[in-house]
Amino acid sequence: MKVTLYYFSGTGNTQLICNSMKEEFKKANYSVNLIPIENAKPNLLPQADIYGIAFPIAIHTTYPFVRRFIEALPLNEAHSIFALSTMAGTRTGLFNYFLNLQKKRNFQILGLKNIRMPNNYFPKQIIVEENEKRIERGIESAEKFAQDIITREIFKYKKDFLSRLFNPVGNSKWLWTLIKKMYNFKIIEDKCQICQICIKECPTKNFELIENQVLRKNNCELCLRCLALCPNNAIQVNKKSYVIYKRNREQLMANFKEKVILTSSVIDYEHR
Ligand SMILES: Cc1cc2nc3c(=O)[nH]c(=O)nc-3n(C[C@H](O)[C@H](O)[C@H](O)COP(=O)(O)O)c2cc1C
Ligand code: SF4
Ligand code: SF4
């Protein structure tokens, strides 16, 4: 069996969960192709028996560029899919979004799963023990979810009113425009060593180097990858510095070091 698993992870949680699922699938001799969304062209769907999509929940849905990618995938009745989200607490978004998409595309859903992980949403403080527990439980859930897909445990949808209520609001353009205005990112020149990691890794290409200075454009969708990756803590938001949970950050950095850097064009995807 071949699994293609597309994922986006801003600060490492979703990536950790996808790695755990991959290991579980491998135990059942499934081959797994993990593809970061920002490296992929949605119209070039590789041949696979099962397609997975994984992303963080953001504002009761997910980042607009992730939604644009998912909606540009040419999925139809010939495809079996599963989807998972990681989130900090409110399990809204995923279910409603995929069930609506299924109505239009008729793909088969093998499973939908929300997995609670450490909160990366501008954390005021990091409670290591609590985060470690969430990670441990999150990995267990991911392994169980992979097993359910392998054994074709029938997916049953429990009515999720929160998801139905909040998901359409979270998908609306006006809300994202408003939320983006609430957060003022600033690069602190004295701290910035112009390493260009943010320029290379931002999925919406929101940074540019002009006259030896890193500047921000207006494409940010708040995935917080730049905060997680900046080695010098040089990016402030609303005049504060935020530290993303270190275990995730190390995991994320290790992964990025292995890869040749991204060639993102995600913001160009058309809505269908
Ligand atoms: C802008 C933003 C919005 C978020 N909104 C939600 C939300 O509505 N509900 C929730 O449970 N978690 C929310 N979170 C938390 C993330 O979903 C969670 O920490 C996730 O595991 C991060 O995944 P990643 O490390 O793969 O990026 C939000 C995080 C960010 C950055
Ligand atoms: S990642 Fe940080 S240090 Fe590197 S260029 Fe960006 S802001 Fe500067
Ligand atoms: S600027 Fe930072 S937070 Fe905004 S989309 Fe790029 S990496 Fe994510």
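Every heavy atom of this structure was used, including side-chain atoms; hydrogens, water molecules and symmetry mates were not. In listed order, ligands and their atoms are each counted from 1. This structure is a prediction, so every number in the text was calculated from the model and none was measured.
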Quiz item: Considering only heavy atoms of G10, which atoms of ligand 1 have at least one such atom less than 4.0 Å away?
Solution: 24 (P), 26 (O), 27 (O)
Practice problem: List every atom of ligand 2 that sits less than 4.0 Å from any heavy atom of C195, numbering the atoms from 1 in the order shown and giving each element. | Solution: 1 (S), 3 (S), 4 (Fe), 5 (S)
Quiz item: With atoms numbered from 1 as shown, which atoms in ligand 1 lie under 4.0 angstrom from a non-hydrogen atom of N119?
Solution: 15 (C), 19 (O)
Quiz item: Within the structure, does Y63 bring an N/O atom to less than 3.5 angstrom of an N/O atom in ligand 1?
Solution: no
Exercise. Provide the number and element of each atom of ligand 3 under 4.0 Å from a heavy atom of N206.
Key: 1 (S)
Quiz item: For atom 4 (Fe) of ligand 3, which protein heavy atom lies nearest, and how many Å away is it?
Solution: C220 SG, 2.4 Å
Quiz prompt | Atom indices of ligand 1 within 4.0 angstrom of L222 heavy atoms, with elements | solution = 1 (C), 31 (C)
Quiz item: Out of F69, F55, F82, Y51, which one pairs with Y6 under the ring pair (Phe, Tyr, Trp, His ring centres under 6.0 Å) rule?
Solution: F69
Quiz item: Should the proximity of T11 to ligand 1, defined as any heavy atom under 4.0 Å, be assigned to the side chain, the backbone, both, or neither?
Solution: both
Practice problem: Take F122 and Y242, measure what ring pair (Phe, Tyr, Trp, His ring centres under 6.0 Å) needs, and give me the verdict at the end. | Solution: CA-CA 6 Å; F122 302 113; Y242 289 90; 5.1 Å; yes
Quiz item: In terms of atom number and element, which parts of ligand 2 are under 4.0 angstrom from non-hydrogen atoms of N232?
Solution: 3 (S)
Quiz item: Taking only heavy atoms of L224, which atoms of ligand 3 are found under 4.0 Å from at least one of them?
Solution: 3 (S), 8 (Fe)
Practice problem: Please state which part of N219 comes within less than 4.0 Å of ligand 3, counting heavy atoms only: side chain, backbone, both or neither. | Solution: neither
Quiz item: T14 heavy atoms, cut-off 4.0 Å: which ligand 1 atoms fall inside?
Solution: 23 (O), 24 (P), 26 (O)
Quiz prompt | Pairing of R134 and E130 as salt bridge, 4.0 angstrom limit | solution = yes
Quiz item: Which atoms of ligand 1 sit under 4.0 Å from any heavy atom of N13?
Solution: 19 (O), 20 (C), 21 (O), 22 (C), 23 (O), 24 (P), 25 (O), 26 (O)
Exercise. Check whether more than 12 heavy atoms from other residues, nucleotides or ligands sit under 6.0 Å from atom NZ of K191, and answer yes or no.
Key: yes
Quiz item: Any salt bridge between E136 and K133, counting N to O under 4.0 Å?
Solution: no
Quiz item: So which heavy atom on A48 is nearest to which on T4, and how close?
Solution: CB-OG1, 3.4 Å
Quiz item: Salt-bridged, R225 to E38, with N to O below 4.0 Å?
Solution: yes
Quiz item: Within C202, is some N, O or S atom less than 2.8 Å away from atom 8 (Fe) of ligand 3?
Solution: no
Practice problem: Answer yes when R137 and E140 have at least one side-chain N-carboxylate O distance shorter than 4.0 Å, and no when they do not. | Solution: no
Quiz item: Which residue and non-hydrogen atom of the protein lie closest to atom 8 (Fe) of ligand 3, and at what distance in Å?
Solution: C223 SG, 2.5 Å
Exercise. Report the part of R216 (side chain from C-beta onward, or backbone N, CA, C, O) that has a heavy atom under 4.0 Å from ligand 3; answer both or neither where that applies.
Key: side chain
Quiz item: Regarding T11 and N120, is there a side-chain donor-to-acceptor distance under 3.5 Å anywhere?
Solution: yes
Quiz item: Which is closest to atom 19 (O) of ligand 1 in terms of heavy atoms, A88, A58, A54, P118?
Solution: P118
Quiz item: If you count the atoms of ligand 2 from 1 in the order shown, which ones are under 4.0 Å from a heavy atom of V214?
Solution: 5 (S)
Practice problem: Just jot down the ligand 3 atoms closer than 4.0 angstrom to any heavy atom of L222, in number order. | Solution: 3 (S), 4 (Fe)
Self-check item: Polar contact flag for I57 and ligand 1 (N/O pairs, less than 3.5 Å)
Solution: yes
Quiz prompt | Proximal ligand 1 atoms for I59, defined as those under 4.0 Å from one of its heavy atoms | solution = 3 (C), 4 (C), 5 (N), 6 (C), 7 (C), 8 (O)
Quiz item: Should you measure from each heavy atom of H60, which atoms of ligand 1 turn up under 4.0 Å away?
Solution: 7 (C), 8 (O)
Practice problem: For L224, counting its heavy atoms only, list the atoms of ligand 1 lying under 4.0 Å from any of them. | Solution: 31 (C)
Quiz item: Would you say ligand 1 has an N or O under 3.5 Å from any N or O of P56?
Solution: no
Practice problem: Take F65 and I70 through the test side-chain contact (heavy atoms from CB on, under 4.5 Å) and record every step on the way to the result. | Solution: CA-CA 9 Å; F65 72 87; I70 296 170; over 6 Å; no
Practice problem: For Y63 and ligand 3, answer yes if some heavy atom of the residue is under 4.0 Å from a ligand atom, otherwise no. | Solution: no
Self-check item: Proximity flag F166 to ligand 1, non-hydrogen atoms under 4.0 Å
Solution: no
Practice problem: Record the part of Q196 in heavy-atom contact with ligand 2 below 4.0 Å; permitted values are side chain, backbone, both and neither. | Solution: backbone
Quiz item: Among side-chain atoms of E143 and S20, is any donor-acceptor pair under 3.5 angstrom?
Solution: no
Quiz item: Heavy atoms only: which of Y183, Y121, Y7, F122 is nearest to atom 2 (C) of ligand 1?
Solution: Y121
Practice problem: Below 4.0 angstrom from a heavy atom of E221, which ligand 3 atoms are there? Numbered from 1 as shown, please. | Solution: 4 (Fe), 5 (S)
Quiz prompt | Residue F207 vicinity, atoms of ligand 3 by number, heavy atom under 4.0 Å | solution = 1 (S)
Exercise. Check K173, R68, R67 against E221 for a salt bridge (Lys or Arg N to Asp or Glu O under 4.0 Å) and give me the one that passes.
Key: R68
Quiz item: When you look at CG of N218, are more than 12 heavy atoms from neighbouring residues, nucleotides or ligands closer to it than 6.0 Å?
Solution: no
Quiz prompt | Minimum heavy-atom distance between C202 and F207, given as atom pair plus value | solution = CB-CD1, 3.8 Å
Quiz prompt | Distance-minimising heavy-atom pair for N219 and T204 | solution = O-OG1, 3.1 Å
Quiz item: Between I194 and ligand 2, which residue portion shows a heavy-atom distance shorter than 4.0 Å: side chain, backbone, both, or neither?
Solution: backbone
Practice problem: List the atom of T62, the atom of P56, and the distance in Å for their closest heavy-atom pair. | Solution: OG1-O, 2.8 Å
Self-check item: Nearest protein heavy atom with distance in Å, relative to atom 2 (Fe) of ligand 2
Solution: C230 SG, 2.4 Å
Quiz item: Quick check: are there more than 12 heavy atoms from other residues, nucleotides or ligands sitting under 6.0 Å from NZ of K217?
Solution: yes
Quiz item: Which of the atoms in ligand 3, numbered in the order shown and given with their element, are less than 4.0 Å from a heavy-atom of C226?
Solution: 1 (S), 2 (Fe), 3 (S), 7 (S)
Quiz item: So is S9 polar-close to ligand 1, meaning N/O to N/O under 3.5 Å?
Solution: yes
Exercise. Looking only at non-hydrogen atoms, find the nearest pair between V214 and C192 and report the distance.
Key: CG2-SG, 4.0 Å
Practice problem: Of all the heavy-atom pairs spanning I149 and M21, show the shortest one and how long it is. | Solution: CD1-CE, 4.1 Å
